[in-house]
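Inspection log for the structure reproduced underneath, given as C-alpha cells.
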Amino acid sequence: MSLLQGIGFLIGGFVVAAVIGMFAHWFDRKITARVQWRVGPPFFQPLYDFVKLLAKEVVVPEGGSRFLFLAAPLFGLASVTVVSALMLRTVIFPGETFVGDLIVVIYLLTIPSQAVILGAFASANPLASLGGSREMKLILSYELPFLLVILVPVIKAGATIKMGSIIEYQATSGAAIGSLSGVIAFVIGLLCMQAKLAKVPFDAPEAETEIMAGAYIEYSGAALGLFKLTQWMMMFAVPFFLMMLFIGAVNWQQSWLNVVFAVLIYIGILLFITLVRNTNPRLRIDQIMKFFWAKMTPLAILAVILAFLGL
Amino acid sequence: MKKVFIDLEHLDKLERDGDLDIQCSYPFHRYHPYDRWGMRPGNDGIAALRELATYAVVCRKCESANCVNSCPQDALEKDDDGILRRYSLRCIGCRSCTVACPFGTIYPEAIPFLASGCDYCLKRLKPGEEPLCVKTGPDGAIKYTEMEPDEAKSIHKVGDHLVVKCEAWKR
Amino acid sequence: MADEVLEGIKAKFGGAIVEVFEKSPRRTYITVDPASLPEVAEYVYKDLGARFSIATGMHMVEGFEVLYHFALDNADRFLNLRVILDLDKPSVESIATRVPATEWIEREMHELLGIEFRNHPDMRHLLLDDDWPEGNYPLRRDWKDWRGGENGNEK
Amino acid sequence: MDLIGYTILIPLVAGAIVRIVPDAFKGLKEGIALVVSAVTFYMTIMLFRQGFLESEWLGRTIFRLDTLSSFVLLWIGFFGLVMILYSFGYMRGKEYLKQYYAYMLFTLGAAYGAVLANDMIVLLAFWGFLGFTLYMLIAVGGPKASGAAKKTMVIVGGTDALLVLAVAIVWAMTGSTSLTQPSIPTITGLGVFAFILFACGAFAKAGAMPFHSWIPDTAEFAPTSVVAYLPASVDKLLGIYLLARVSLYLFNLTQGMMLLLLIVGAFTIIAAVMMALVQHDLKRLLSYHAVSQVGYMVLGIGTLNPIGVAGGLFHMVNHAIYKGCLFLCGGSVEQQEGTTDLDKLGGLAKYMPITFFSCVIAALAISGIPPLNGFVSKWMVYQGIIELGRNGGHVWVIWLVAAMFGSALTLASFMKVLHAVFLGVRAKKANGAREVGPTMAIPMLVLAILCLAFGIFAYAIPLSGFILPAVDSVASLSVPGIDEWLGWWSPGLATIMIIVGVVIGLIIYSAGRLKAVRPDSMYVGGELLTNEERVTGTDFYDTVSDMGFFSSMYKWAEKCAFDTYYIGRKISYYFVKGLKAVHTGILPEYLTWMLAGMFILVVILLR
Amino acid sequence: MSLKIKALTKSIWVFHMAASPCNNCDIEILDLLTPRFDIERFGIQLVGSIRHADAVLVTGSINRKVRKRLKRVLAQAAQPCFVIALGNCSCSMEMFGTSYNDNKPLDEITDVHAYIAGCPPKPEAMIQGVVALIQAQLAALKK
Amino acid sequence: MATKSKTQIIPIGPYHPLQEEPEFFKLHVEGEKVVKLEIELGYNHRGIEKLAEGLTYDQIPFLVERICGICSSSHPFASVNAMEDIADVDVPLRAKYIRTFIGELERIHSHLLWLGLAGHFLGYNTVWMWAWKQREPVLDLFELITGNRNHYAMFKPGGVRRDVADEDIPTAMRLLESLEKPVMMFTKIALQDPVLQARLKNVGVLTKEDCVELGALGPTSRASGVPWDVRHDHPYAAYGMVDWDVIVTQNGDVFDKAVVRLLETFESVKICVQCLEKLREVKDGIDAELKEIPPGEGVGHHEAPRGEVFHYARSDGTNRPIRYKVRAPSFMNVPTNHRAVVGYTVSDATITLAAIDPCYCCTERMLVVDANSGKQVMGWKDLLRLSQEKTHRLMEKYNSRMDRIWT
Ligand code: SF4
Ligand code: SF4
Ligand code: SF4
Ligand code: SF4
Ligand code: SF4
Ligand code: SF4
Ligand code: SF4
Ligand code: SF4
C-alpha cells in the first residue's frame, strides 16, 4: 500500500469512525433517556459537546507530567483512527490484507484504554490514579476471554490471523455466529465489548459517583474532547470489529442489502450496549474480575473447544 | 431583701429630655438576632420591667379595654386582678394596642416583637454589687435598695422583686 | 411504676444525686454530681439499657450545664442526666469510652462551648474550621459576634 | 591468533590488569575498561561483517563464527560498552571498585568466548567462568548481596554441572564435542536426557522458570549496572543463544521436546508476570519481567518454525535492549532517590525527564505496544504459534493466549511502575532529585532510541540485518519471503499511520484553545492534598492477589514453594549429609572445588 | 463560528457545588435531571469534576470553612465557566448574616453571573434562570 | 515476597458527586480495601443552635425546617413537639392527624429519593430516574396540601398552619394508591436482581452491637435488628392511633437497609391513608392557640426518614429560647461509617456511606431563612420573573466582562 493511499484511508477512517461514533453516542444517550422516561438530547448533541470542549481552556494539574498529560489523548485518538482505517480497508479489500493484522488490531484496540491510564497517571491525582488502576484491571479482566473469543473465528477460518481471510471465509461458508461456538463467543464478545467501552456495569474506572470522573477527573477542554471523541470512535470500532469477526461485516460485494443488514446489526449492538448499561448497577472491580475470569473465561474456553470440534 | 426600684415618671422625663442609655446584664439574648452591624439592641431587661410596671401601676384597667379589643392577635388578656398580660408568643409587635389605649398607657417602645427578659439579676450579683441597670441608669430613677411599698408615696409593689414609683396615676 | 428506674438510681447513687425533677411521667431530669457522672451514665446506659440520644451543653447562670439525654425506649421515657460545671473552667470526665456514641457530641461541645472533657480520645475540631481562633466559643452566651472585625476574622 | 582470539583475550587480559591496578587510580581503571570495551565492540562489528570464521586449535575447530553467533556477539559487545559507560556514573562512590571493572571485563571476555565456542568443552569452560564472574559481580553489592550471590552460585553452578553431564552424554553418543555438527535426534532416552540437561543450563542462564529464582534476589541486591549487564542482557543473550544453538543445531527436536519448550515458555510468561504484578520493589519487579520475557523467547524457539524462531531471537535482542534500558532507568532512580522501594517514590517525571522518557519507551516496548520493537518480535512469536496451528493440533491456543495475555499483564505491571516512580504525586517534597549525568543518561537514551528504531524499521535493520540470516542458516528452517509475513503492512508504515493519527489529534487540539493551557492545583474536591495522601500505586493489583485462587498461589510463592533453590536445598540437605566434611560453608571454597572439577574435566576431555 | 456559539449554548455541563446548603436546592437540582424536567434535552448535564464544568451552581450560604474550598474549586474550573448562585442562601446574605460561622453570600466571594432566587427555587425557575443566562450570553456574543 | 501493603489515603469530598453536600472523608486504603475512615465535618455548619436563640418560638419551625430540605418537616415536627413539651399543651386531634400525614408523606418521598440516589451511586441511573419519577407525584401532593414542593411550613407550635381541604382528600388518596405499584416494583427489583444483590449483600455490615453502642438510628439501626423507632416507642402525634408496623431486618448490610426503607414506604402509605380517612371525620380545629412558652425545658422528637430527630429547648419565659439543641439522626449515623466501611473496597465504601442516607446539613445544623416569611407568598411564576429580572440586570452589568471571557 502506498503512503498516500494509507493516509487517505486513515483520514477516511477517522471521519467515518468519528461520525458514526458521534451518532452512536447520541443513540446511546437517547435510548437511555427513553428507557428512563425522558426526552433525551438533540441529535447534534455530541457535536455540540465536542465543539464546546474545544472552545474551553485546558487546565493542567500542577505536579503532574505536563507532556504526557497532553499527549495521552493523542495516542488514544491515533490508535483508534488507525484501527478504523485498517478495518475499513479490510472490509473494502478483504483480499489484500496481511497476515497478523488481527493481532495489530487487537493491540491497537487496547491503546485507547492505555492512553486513558497514562493520562490519568500523568495527572497526579489520587482519584485519577485509582481510576487508571481500575482501567488497567478492567483490561486484565476482559482481555483473557476477549482473546479466546477472537480465536473462535480464527479457528473456524483455519488458524489464520488475517482478517481478510476470516471475512472471505465467512463470505463463502457462512458467518461464524452461525454455530454454537460462534454464538457463545459472540455473546461473550459483546460483554467484553461492554467492558472495553467502560459502560455500566463495567464502568468502575470512571465511576462518577465513586471517584468523580475517575481517570478523566483532571481533563478539561480540548484534551477532554479528544478523549471523548476517542471513546465515541471506540463505539464504532469495537462493535465493528466484532461484526467483522462474527458476522463477516458488510460483504458489500455480494449485495447492497447486506449493507442495510450490517447497519441494522450495528444498531442492534448499540441497543444491546445501552440496554445492558441501563438495567444494571455498576459492579465492583473485583467482581468484574471474577466475572470475567471465573465465568466468562471458562465459557470462552468452551467456545474454543466447540470451535475445534467444528460446532 | 433588696429590690429593684423604678421611678417611672422620672424615667419618662429623662427619656423625653435626651438619650437614655440604660444597660442590662441579663445573660441571655444579649444580641439582636439580625444585628449585623451592631446597631440593634438585644435584650433590654429594663423594657420588660417597665412594661410590667406600667401594666401593674399605670394602666387604668378598663372594663372593656380598647387595647384588648384592638389586638389582632388576641395577645392581650387581663388576669383576675384586671392586670394586663401580653402573651409573648402571640404578640407580633404591631402596636395596635398602643394606638387603641385612650390613656396612652402602652408606649410603642415597650412592646418590641422580641420579648425581653429580666431576672432581677438574682443569683448573679455578688454581695454588695448592684444590677447593671442601676449602675448605668440615671440617678434616682432606678435603684437597688431595701425599699418597702408605700402607697402614700405612690410606691407600689410589683411582684416580689420590683417596686415602682408612679405619682401621676394615683389609684 | 416507672419509678422503679428512679428508685434504682437513687438507691445506687444516692449521694451523687443532687436533684430530681420530674417534669412529666415521660421526662425526668436528674442532676448528678459531676464526679460520679461516668458511673451513673454507665449504669443508665448499660444496666437500664437506655439509648443515648444526645447531650446538650449550656452556658447558664449558675455554670455550664451538660444534659445527657437518655431514652428509655421500652418505657416511653426520657432520662436527662444533668451536671453543672464550673463557670470559669468547665471540665468533666468524658464518658466517650463508656458510652461510645458520645464521642462526637463531646467534641462538638468542646469546640463550641469550651467544655473540657477529660480523657476524651480525640479532641480535634469537629465542625469548625481548623483555623478557628483558639478560645473562641460561639455557643457561650457572652460570645461576641465578630462582624466588628475582632477575633482575626477575615474581612 | 586471529581476530576471534584477540576479541576473547583482550578483555580477559585487560581485566587482569585492572584487577592489579591500585584503587587509587580509579580513572585509569575506568579508562581501561572503556577503551577495551569500545575496542572489542569494534572488533565484534568487524567479526559480524565477516560473517563466517573458524579458528582451529589442536586440530579442532574450537571457535566458530556463524550468522547466529556473530550477531549475538555484536550485541554482547554493545552491551558491554553501554554498561561500562553507565557504570562511570552509577558506581561513583561505591565500594569494591577494584573488583568491579575487572570482573566486568572478565565477563565480557568470557561471554565472547562462550558465544564463539564451537567446542562444547570450551563452551563449558567459559560458561563456568561466567558463573564465577557473575558471583563476584553480585558480591560487589556488599554484604547484603551475599545471600543472593550464593543462591546464584548454587543455581547457575548447579546447572553448569548438568551441562557438564550433558556434554559428556553427547560426547558419548556421537564421539564429537562440536556444537554444530551432530544433529542428534531426541527419540532415544539418552538424547532426550541430554537435551533436557542442555536446556536446563540455558534456562538457568536466561532465567526461565523453574531456574529463575536467582534473578529477583540478584536484582534486588546487586548493583543495578550489574543487573542490567548480566541477568537483563548478556545472560539472556547467552542463555537463549545456547538454547537456540542446541535446539536448532545440536539436536533434532521431536514434537515432545517442542512441547517441553512451549510449556516452559508459556508457564514462565504467566507465572513470572503474575509475580511481577505484586512486587513493591522496582528492581525486583523488573527482574520478574526479565524472567517472564524469557518465556517469549523460549516459546518462539519452541515453535521451531522460521518465523517463530526469528521472533524468539529478535525478542532476545529486543529484550536485552529494553530491559537493559529499564534497569538503567531503575539505577538512575536509585542513584537520585536512594531507594527503589516503589512506596517511597513518585512524581519523578518532572525532575528526570530523560530517565522518564527512556523508561516510558522501554516500558511500552516490553509491553508490546506498536510501533515499538517489543511489538514486532511478539507479533512474530504469535505468528509462529499460529503457524503451529496450521499444522493441526489444538494446544497452540494455550500458548497464544498465554503469550498475549502475558503481554497484557506486563503492561499492567509497567503501568504500575510508571505511576509509582514517575507519575503520581512527588513522594518527598524537600529532596531535589535531578536528572542523572550524561554518562548515565546517554546509555539509557541510546537504548530507548534503539527500541524505537527497531520497532519502526524492524525489517530494514534488525530482521534483514541479522535475525533472518541467522535463522536462514539453520538447515531445517528456511525463511520464506518477507512479504508473506508482512503483506502491505510494515512497521514503518504503521508508524507513519500512527503519526498521521497523532497529527489529526494535533489539528483538533489546535482548533481548540491550546494556547490557553493553564496549570492549576489538582482537583480533589476542594481540599488540598497533604503529602501522605498520595497514591503510590503499589497496591493497584491487590484486587488480583486478593482473589481466592490467586491469593493462595501468592501465599505459596511467598513461602518459596516454587523456588527450585529452596526445594533443591531441602533435597540436597539430605543428600549432602555425607559430604558434611567438605561442606565448610565458605563460598570461595565451594568455588574452588567447582572450578577444579571443571578444569579436570576439561583436561580429561580434551586430551 | 456560529457552530461554536451554538455549541457553547447547547452544551452546558454544570457542576453542582453545595456550600452549606440545606440540601433542598441540591435535591431540586438533581430533580432537574429526572424525567419530569429532563434538562438533558437542552444539552445540560451534571458532571463530577469541576474541570469539566461550564457552569457552577452554588447553593447554600457559604460558611467559613467552605469558603476557602469554594474559592479554590472555582479557580480550578476551566474558563469560560459561569457561576450561578442558586437559592436564596447563596443569592443574598440576609439569612445567614448573623451566623457565627461567618457566612457570606456568593457575590461577596466571587463574581456571579446569574442569580436564581427561591427557597428552593422551583425547577422551572432554575431552567428559566439558566435559559436567561444563555440568552444573555448569546446577546453578548452577537455584539 | 516484599509485598506488604502500605496504607494510602483516598480523599472523598468535600465536593464529590456522591454527596449532594460537602463532606470530607479520608479513606485509608490498602489497594482498594478500606482499613480506616476519617470523617471531617463542618462544611455545612452554620450555627443554627445559636441562631435559634435569637428567634421566637414561632419562627423556629421555619428555621429548623431549613436545616434540611429532604426531611423538611421532620425538624419542625420535633421542634413543635419540644415546645409543646415545655408548654404542656394538647394539640387538637385533627392537627395531629395532619402532622402525621405530612410526616409520613415525607418519609415516602425521602425513601424514594434515597432509593434513586442509591441507584445513582451504583451507576444504576435507571433506578434513579424511575424512583424520582415516582417521587414527583408525592411532591405534587405536597404542593396541593401545603402549597410548596419542599419546605412546607406546615408546623406551628400548638398545631398546624394549614388545613387539609376535604376536596383534596380523594386526590391524595388516588395519588397514594397509584404509588403502591411502582414501589412494589422497586421492591421486587431490589429483592430479585442478582447483580444488585451482588453489589449490596454483605456489604457495609453494621452489627447489632455497633448499632447499640453508637446509637445508630432509623433504618440504619433497624436494618441491623435494633428495633428503635420513636414513633412506636414514644408515641406522639397520631402514631399511637393508627395501625402500622416497625420494619426490622437482621443483617445490617446495605441490602437490608434498602429493604427496610422500601418496606417502610408501604407502612407510610398505610399510615397516610388512615390519616386521610380520619381527617374526613375529625374536625376539631387545627390549632391549640398556644399563647406563651413558660419557663422550663422540653424535649421533642420525631422519627424522621433517617431516624430520630431530637430537639431540646430551654425557655426563660420570653418568646425566644435560651438554648436550642438539635440532634439529627445523621449525627449518630455518620459515625457508624467508621465501622461499617472498614474491610470493604472503595466501591463498597461509597455505597455504604450513602446507605445511611446521610445529610450533613442537619448533622451540622445551620440556619436559614428570614423567619417572618412563614409562607411562600409568591408562585413560581413570580419567582421566575424575579430571577429573570435579576439575571438580566446582572447580565447587563457583566456583559462587558463576558465579552472578555468569550473571545
Ligand atoms: S402589639 Fe401585640 S399586644 Fe399589641 S395589639 Fe399588637 S399584637 Fe396585640
Ligand atoms: S409583619 Fe408587617 S405586615 Fe405583617 S403583621 Fe406585622 S406589620 Fe403587618
Ligand atoms: S394607622 Fe396604624 S394604628 Fe391606625 S389603624 Fe392603621 S395600622 Fe392601626
Ligand atoms: S385601654 Fe389602656 S388603660 Fe385600658 S386596659 Fe388597655 S392599656 Fe389599660
Ligand atoms: S435587674 Fe438586671 S436583668 Fe433586670 S433590667 Fe436590671 S440589669 Fe437587667
Ligand atoms: S435557598 Fe432554601 S432550599 Fe436552598 S439551600 Fe438555602 S435554605 Fe435550602
Ligand atoms: S437527616 Fe437531617 S439533613 Fe438529612 S434529610 Fe433529615 S433533616 Fe435533612
Ligand atoms: S417572604 Fe421573603 S423571606 Fe419569606 S419566604 Fe418569601 S421571599 Fe423568603
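Side chains are part of it too, since the values below use all heavy atoms of this structure and drop only hydrogens, waters and symmetry mates. Proteins get letters first, then strands, A, B, ... in listed order; numbering begins at 1 in each.
- One finds the OG atom of B/Ser116 at 6.5 Å from the CZ atom of F/Arg320 (value rounded to the nearest 0.5 Å).
- Remark: F/Lys291 NZ to B/Arg86 CZ distance equals 15.0 Å, nearest 0.5 Å.
- Applying the ring-ring contact (aromatic ring centres under 6.0 Å, His included) rule to B/Tyr26 yields the partners B/Phe28; only residues at least two apart in sequence or on another chain are considered.
- In this structure, B/Lys3 places its NZ atom where more than 12 heavy-atom neighbours from other residues, nucleotides or ligands lie under 6.0 Å away.
- Salt-bridge formation is not detected for the pair F/Glu292/B/Arg90: no Lys NZ or Arg NE/NH1/NH2 atom is positioned less than 4.0 Å from an Asp or Glu carboxylate oxygen.
- Qualifying salt bridge (charged side-chain N to carboxylate O under 4.0 Å, His left out) partners for B/Lys2, counting only residues two or more places apart in sequence or in other chains: none.
- Open room surrounds CD on B/Glu63; 12 or fewer heavy atoms of other groups in view lie less than 6.0 Å from it.
- Here B/Leu89 contributes atom CG and F/Thr318 contributes atom OG1; the two are 10.5 Å apart, rounded to the nearest 0.5 Å.
- Put simply, CD1 on F/Ile293 and OG on B/Ser88 are 7.5 Å apart, with the number rounded to the nearest 0.5 Å.
- For a residue to count as touching a neighbouring chain, one of its non-hydrogen atoms must lie under 4.5 Å from one of that chain's; by this rule B/Gln73 does not touch chain F.
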